[in-house]
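Predicted model, so just to flag it, every value in this text is computed and none were measured.
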Amino acid sequence: MTAIGDVVQRAVLVLGSLLVATSALAAVLGGLGWWRPLVVWPLLAVMLAGLALLVRPVRPVPIGVGPALAMLAVALAAGWWAAATHNGQVLPRRDAGSNLQAALALAETGHRVLAIDPAAFGGAAVLGIPGITLASPAFYQVGSAGAPAIEPQFVIGPAAIYSLGDWIGGIGAMLVQPAWLSAFGVLGLSILAAVTVGPWWGPVAGALAALTFPMLHVARATYSEPLALVTLAAGLLGCVLAARHEDRRAALMAGLLIGGTCLVRIDGLREAMLLIPVAALGAIQERRWPRALLAGAGIGVGVSFAAGLALSREYLGSIAASLVPLVALAVALALAGAATLVAARRGMGLPDSVRRSLSAALVIAVLVIGVALTLRPLVMTVRQSAEDPGSHVVAGLQLRQGLPIDGGRTYAEQSVTWLAWWVGPIALVTALVALAWGVRRMALAWQADEVLPAWSGPLVVAAGSTLLTLYRPGITPDHPWAERRLVIAIPLVVVLVVAAAAWLWRCGPARHRRAFRILAAACAAALAVPTALASWPHRTERVERGSLSAIVSVCHALVDGDVVLAVDSRAANEWPQVVRGQCGRPALSTTTALRRDPAALRSAVSEIAAALPAGSRLILLAADSADALTALGATPTQAVDVTVLEEPRLLIERPASLVPLTLDVWLAPAPA
C-alpha cells in the first residue's frame, strides 16, 4: 500500500505539471480557436493520466502518516478560509479582474485573440475616427481597422486555467478557484519544508505561510500567483528529489515546472534562470541530474516565450524595460555557468586560500546584502522615469494621501519594510541568520568535496528570487497591491525561520534541552505572533463584493442592437471588455485626448451613430458621473448605484482595512 506521504508528494507534482500542461495546451488550442469543452476535457483527462504515470516512478521522501495528514489539514483550512472570504473582483480594475475577463472571453469564444466584426458598430471607418478605439486597460486593440481584434494582457496561463472554472460553474466557480489552487500551493510548501527540515515541521511551515496576509490576499482573487505558487513549489520539490535520489526524471519535471511557470507569470523567468547556477554546481560535482534539469527548464521557458510572442506580443512589448534586463541576466548566468564548468573540467579551481575562506566570505556577503537592503531607505530614493504611466498613478496617490508629489518614485527602497510589516522584524533577522547558516553549510560541503545538501537548489532559487524582488519589485507601490511581489519572499522567510526553530529543537545539548526547546518555540512565535496580528484586520475582508451585481444591472439595461461607447475616463477604463464579454454587446471606447476635446467628442458620437447598421442604436456609458452624458446633449439614466469595498492603495503605511468604492453607471441613447 502506498504511504499517504508518497501520495501527497506525487499529487503536488502532478497538479503543478497539469497547470503547466494546460497552459501550453491553451496556447495551441486558443490560438486556433479550438478551446472548447468537448475538445479540452478529454485532452486534460489524457494528460492527467499520462502525468500520473510519469510521476509514479519518482521516488518520494518518506513522510509519516501523521505529518502528511497534518499538512493536508492545513492546506484544506487555508483553502476554506480563502474561499469563504474570496474577493468579487470582476471589473478589470487590476490584474485579478483582467484575468477573469480574459478567462471568460477564452471560455466563451474558444479564441485567445478575439476577432471583432467591424460591421457590428458601423464598419472599419468608425475605427478611423480619431480617438475611437476598441482598446481598454489590459485589452489591446490589434489587427487592422478592417479586421480588428482584441488581445488580452498577460500570458495565457491564468486565462486558460480560470476558464475551466467557467465551464464547471460559471463566474461563481471561477472566483473560488484561486483559493483551492492556493491550498495546493500551501501543501507544496509544507511538503518542501517537511522533506528539507523535518516531517512535523512541514505543517508548521504551511500554517505560518497561510497565516500571512500577502499569501491570503492573492488566494482570494484570480491572480497569477496562486498558480505560480503551485508550479514553483512542485518544481522545487522535484529539485530536492532529484538531488536526493540522483533522479533524472524528477530533475526533468522540476525544470519543466519551474521553466513552465513563465506560462502563468512571465517573470517566472527569474526563478528559471536561477536553475543555471544550481545545475552548474551539480555538474561540477558530476551529478547525474543537472542536464535533465536544464533541458526541462529550457523547454519550459522556450514554450512559454513562444506562446507569449504568438498570443501576448503587445504585453511583452509593454514590459520590455523589465523583461530585457532579466533576459540579459539569464544570458550572463548561462555564460558564467558554462565558463565555470569548462574551467572545472580542465582542472582549474579556486586557489586554496580562497577555498579555505569561502564559507566565511559567503556568510559575510549574505549578512552585508541583507543589512544593505534594509538600510536602503536611509541612503537612497529609487525613481523611475516621470514619463512612465505608473508615475501618474503614484502622483495621484501621493496627492490624495498628503505626500510630497514625486510620481517617479517606485518606493523600491522600502521593500524590506513591506516584508517586515507582515512577518515582523525578529523573523527577518532570524531568516537572514538562517540563510547565512545554510550558505555556510553549502560552502563547507564544497570545501570538503562533499555532495551539496539536497535543499541547496531550492535555497539558491528562492534566495536569489527574493534578492532580485527586494532590489527591484517592479510593481506599482500601493498596498496591499504590491504585496503580490512577496509570494516567494514570504515562504522563504517562513521556511528559514522554521529551519532555525527545528535546529534549536533538535540540536541543543542534552543538559540544556528544555531551554533550547523554549528558544525554538520563541523563534516560531516571533514569526507567528506578528503575522497573526498583522493579518487579523483582514481576516474577513471581501474586496469589491457586489461588482458582479453591478455588471448584471448594466447588461439587463442593454438590448439587442445596442452598441456601447464609453465616454468618460472610468467608463473607458472599466467597462468596454465587460460589456463586450459579459453583456455580449459591441463596445467602443474613447481616448483621453478625445475626451478632453468636447467638440471632437460630439462629432465622433454623431459619426458613429450615423454609421450604425439599421436596427442598432448607440448607447453612451459614463461611470464617473452623468456630466459627460449631459454635456453631449443626452438624457442619462442611472443603471447602477452600488457601493463596494476596495483596497486602500496606501504608499507608505501597512493597510489595515478596506475603503468604500462607489460603482455608478449612467446610460443614455446618443442624441439624434
Original post:
Going by atom types alone, do Ser465 and Glu271 pair a side-chain donor with an acceptor below 3.5 Å?
Top reply: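 Glu271 and Ser465 do have a side-chain donor-acceptor pair below 3.5 Å.
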
Subject >> Atom CH2 of Trp34: over 12 foreign heavy atoms under 6.0 Å >> reply: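 No, the 6.0 Å shell around CH2 holds no more than 12 heavy atoms from other groups.
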
Original post:
Under 3.5 Å, is there a donor-acceptor pair between the Thr531 and Trp422 side chains?
Top reply: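 Absent: no donor and acceptor within the cut-off.
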
**OP:** Check salt bridge (charged side-chain N to carboxylate O under 4.0 Å, His left out) between Arg265 and all other residues, then give those that pass, not counting sequence neighbours.
**Re:**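 Here the qualifying residues are Glu225, Asp267.
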
Original post:
Should we say atom CD of Glu450 is surrounded by more than 12 heavy atoms from elsewhere, each under 6.0 Å from it?
Top reply: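 Enclosed: over 12 neighbouring heavy atoms sit under 6.0 Å from CD of Glu450.
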
Original post:
With sequence neighbours excluded, what pairs up with Trp289 under the ring pair (Phe, Tyr, Trp, His ring centres under 6.0 Å) test?
Top reply: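 Ring pair (Phe, Tyr, Trp, His ring centres under 6.0 Å) check on Trp289 returns nothing, list empty.
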
Original post:
Any idea how Tyr223 and His217 line up, ring-wise: parallel (<30°), tilted (30 to 60°), or perpendicular (>60°)?
Top reply: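 Tyr223 and His217: tilted rings.
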
**OP:** Under the side-chain contact (heavy atoms from CB on, under 4.5 Å) rule, what do Val498 and Leu208 come out as? Steps first, then yes or no, please.
**Re:** CA-CA 9 Å; Val498 166; Leu208 290 173; 4.0 Å; yes

**OP:** Working to the nearest 0.5 Å, report the span between CZ of Arg356 and CD of Gln447.
**Re:**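 Rounded to the nearest 0.5 Å, the CZ-CD separation comes out at 9.5 Å.
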
**OP:** Mind checking salt bridge (charged side-chain N to carboxylate O under 4.0 Å, His left out) for Asp95 and listing every partner two or more places apart, or none if nothing turns up?
**Re:**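 For Asp95 the salt bridge (charged side-chain N to carboxylate O under 4.0 Å, His left out) partners, ignoring immediate neighbours, are Arg484.
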
Subject >> Member of Val195, Ile4, Asp6 meeting the side chain to side chain contact (heavy atoms under 4.5 Å, CB included) criterion with Ile63 >> reply: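 Answer to the side chain to side chain contact (heavy atoms under 4.5 Å, CB included) test with Ile63 among Val195, Ile4, Asp6: Val195.
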
Original post:
Any chance the side chains of Thr469 and Arg485 put a donor and an acceptor closer than 3.5 Å?
Top reply: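 On atom types as modelled, these side chains do not qualify, holding no pair under 3.5 Å.
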
Original post:
Does Ser182 use its side chain to pair, donor to acceptor, with the backbone of Ala219 at less than 3.5 Å?
Top reply: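 Judged by distance alone, no pair lies under 3.5 Å.
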
Subject >> Side chains of Arg472 and Ser322, donor plus acceptor under 3.5 Å >> reply: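 Side-chain D/A pair, Arg472 to Ser322: present.
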
